[in-house]
Amino acid sequence: MKPLNTQENSIKCICGRCPLFTDCNKGKTEILFCARRKSECPMDNKKMCICGACPVYEENNLIGGYFCINEISG
Amino acid sequence: MKLKILGICTSQRGKASNTYFLMKKAFDTLKDADAEKEIIVASELKLRPCDHHYSMSAKMCVHPCLITQVDKNDEMKKIYDGILEADVVIFSSPIYWGNHSQLMQLIIERLNSLENSNSAHKKVIVKNKIGGLMVLGHEDGYQHVVGGLMNFLTEMGLIFPPQAYAARVGESDENTEKDRERLEKDELITDMFIDLVQNCVNFAKRILVCPHCGERLDYEHLSKKKNYVTKLNK
């Protein structure tokens with residue numbers, strides 16, 4: 001289930017702490033990729049995704065990861 | 001019944017290895033018009049090591065693997081697809097310090113996505129397939145190596161027939177130069193590997209298709225972790 005793009009989820013979001021998260025993402029104020037859309041920045045897929053450690057992931061029963069690259073449809 | 005038989009050679013030396021030599025010889029010797037054969041030489045593929053996402057959350061370990069999804073340079077998909085399309089899957093590995101090869105270990109860890117599909121995602125993907133093993137070494141033992149590999153591969157979903165492996169260890173003499181010559185000349189050794197492939201094929205023909213009605217086996221085992229899965233999905 002695609003999480004809701006809410007303020008509450010934004011606060012819980014840990015994207016900013018991810019090894020893939022760069023100044024480009026920060027500059028474009030990109031976070032909460034699972035609820036929104038994939039990043040417009042080049043994302044280094046060789047770095048470790050941490051989506052599974054996020055409360056938004058857990059609460060919405062998400063599976064998989066790299067939502068900054070793999071946009072969740074819906 | 002047309003059978004698809006897949007060999008996966010996990011020696012880092014690839015086609016120059018004795019592991020490949022024996023697998024190829026056994027596959028070439030199998031004269032079965034109903035068998036489609038393929039050997040994947042794993043050292044020729046670009047394979048990224050597992051990122052162990054499972055340890056962060058079991059739900060992150062999915063099939064296709066996340067690496068496969070995001071990294072188009074990674075070629076593990078050839079192994080995933082090969083296994084899923086095959087009726088018989090035979091792995092070969094040399095022995096290093098009492099264990100299977102590092103390449104085999106890399107593949108096992110990446111195959112966790114298939115095993116995890118059953119245990120964490122309640123979707124059995126690997127089923128109704130026969131497994132076999134070929135193991136080659138010197139002074140290291142093979143029974144331990146075979147046991148470890150069978151442990152994972154049965155959990156992943158392969159069915160092993162009786163005597164499902166062929167193995168050979170050489171002398172404890174630090175002399176590996178003469179191994180190929182020995183393998184080429186000693187029919188007792190090569191016969192074991194040929195018989196292993198034949199054994200797997202015979203078993204596959206017997207149990208994957210009903211000999212009377214021709215119906216394909218469609219067996220799906222219960223996930224022994226189904227109660228854990230319920231908890232994960234709450």
Side-chain angles (χ1 to χ4, degrees), chain A residues 1-5 8-26 28 30-74, chain B residues 45-81 84 106-107 109-126 156 223 225-234:
Chain A
M1 181 178 77
K2 184 161 181 160
L4 295 174
N5 183 15
E8 185 184 348
N9 280 341
S10 296
I11 293 168
K12 293 176 187 175
C13 169
I14 64 168
C15 291
R17 286 181 254 155
C18 182
L20 279 86
F21 196 85
T22 63
D23 287 341
C24 176
N25 303 116
K26 195 174 178 182
K28 290 180 185 288
E30 289 180 336
I31 57 162
L32 203 59
F33 294 105
C34 58
R36 296 174 184 173
R37 55 189 181 148
K38 65 182 179 183
S39 174
E40 292 177 355
C41 299
M43 304 302 287
D44 186 353
N45 64 50
K46 296 217 173 9
K47 296 220 165 113
M48 174 71 106
C49 166
I50 63 168
C51 290
C54 182
V56 178
Y57 186 100
E58 177 67 27
E59 288 162 13
N60 289 273
N61 202 26
L62 297 182
I63 62 171
Y66 284 103
F67 300 126
C68 53
I69 299 173
N70 288 333
E71 189 169 314
I72 300 178
S73 57
Chain B
L45 301 180
K46 292 190 188 68
L47 301 175
R48 266 178 61 176
C50 177
D51 277 339
H52 296 171
H53 288 113
Y54 176 90
S55 296
M56 189 173 298
S57 168
K59 291 187 291 174
M60 287 187 80
C61 186
V62 292
H63 180 73
C65 160
L66 286 181
I67 295 174
T68 303
Q69 289 183 40
V70 301
D71 189 347
K72 299 306 167 207
N73 293 323
D74 176 76
E75 295 182 299
M76 185 67 192
K77 189 174 186 299
K78 291 183 182 173
I79 293 179
Y80 291 136
D81 289 349
L84 294 179
L106 184 156
I107 291 169
E109 292 180 15
R110 291 291 304 275
L111 289 177
N112 196 69
S113 61
L114 290 180
E115 187 277 333
N116 205 50
S117 179
N118 177 17
S119 51
H121 299 289
K122 267 173 106 171
K123 187 178 176 189
V124 179
I125 296 180
V126 178
M156 188 183 76
S223 169
K225 295 188 178 176
K226 57 184 181 295
N227 295 325
Y228 288 86
V229 172
T230 306
K231 189 179 170 191
L232 275 177
N233 289 337
K234 273 191 182 152

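All chains are named by letter (A, B, ...) in the order of the sequence lines, taking the proteins before the strands, and each is independently numbered beginning at 1. Heavy-atom basis, side chains included; hydrogens, waters and symmetry copies ignored.
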More than 12 heavy atoms of other residues, nucleotides or ligands under 6.0 Å from [atom1] of [X]: yes or no?
X: B/K78; atom1: NZ; answer: no
X: A/K46; atom1: NZ; answer: yes
X: B/K123; atom1: NZ; answer: no
X: A/R37; atom1: CZ; answer: no

Query raised in the report: A/L62 versus chain B, heavy atoms under 4.5 Å apart: side chain, backbone, both or neither?
Result: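 It is the backbone, since no side chain atom gets that close.
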
Query raised in the report: chain B contacts: which residues in residues 16-25 of chain A have a non-hydrogen atom closer than 4.5 Å to it?
Result: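 From residues 16-25 of chain A, none sit under 4.5 Å of chain B.
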
Minimum heavy-atom separation for [X] to [Y], with atom names?
X: B/H121; Y: A/I63; result: CE1-CG2, 3.8 Å
X: A/G52; Y: B/S57; result: O-CB, 3.8 Å
X: B/M60; Y: A/C49; result: CE-SG, 3.4 Å

Report task. Mind checking side-chain contact (heavy atoms from CB on, under 4.5 Å) for B/T68 and listing every partner two or more places apart, or none if nothing turns up? Result ->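 B/P64, B/C65, B/D74, B/M76, B/K77, B/Y80, B/R110.
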
Requested in this report: For B/K59 and A/N61, run side-chain contact (heavy atoms from CB on, under 4.5 Å): C-alpha distance rounded to whole Å, both residues' side-chain angles, the deciding distance at 0.1 Å, then the answer.
Outcome: CA-CA 9 Å; B/K59 291 187 291 174; A/N61 202 26; 3.1 Å; yes

**Report entry** Member of B/I67, B/D51, B/D71 meeting the side-chain contact (heavy atoms from CB on, under 4.5 Å) criterion with A/N45
**Finding:**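 It is B/D71, the one option of B/I67, B/D51, B/D71 that forms the side-chain contact (heavy atoms from CB on, under 4.5 Å) with A/N45.
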
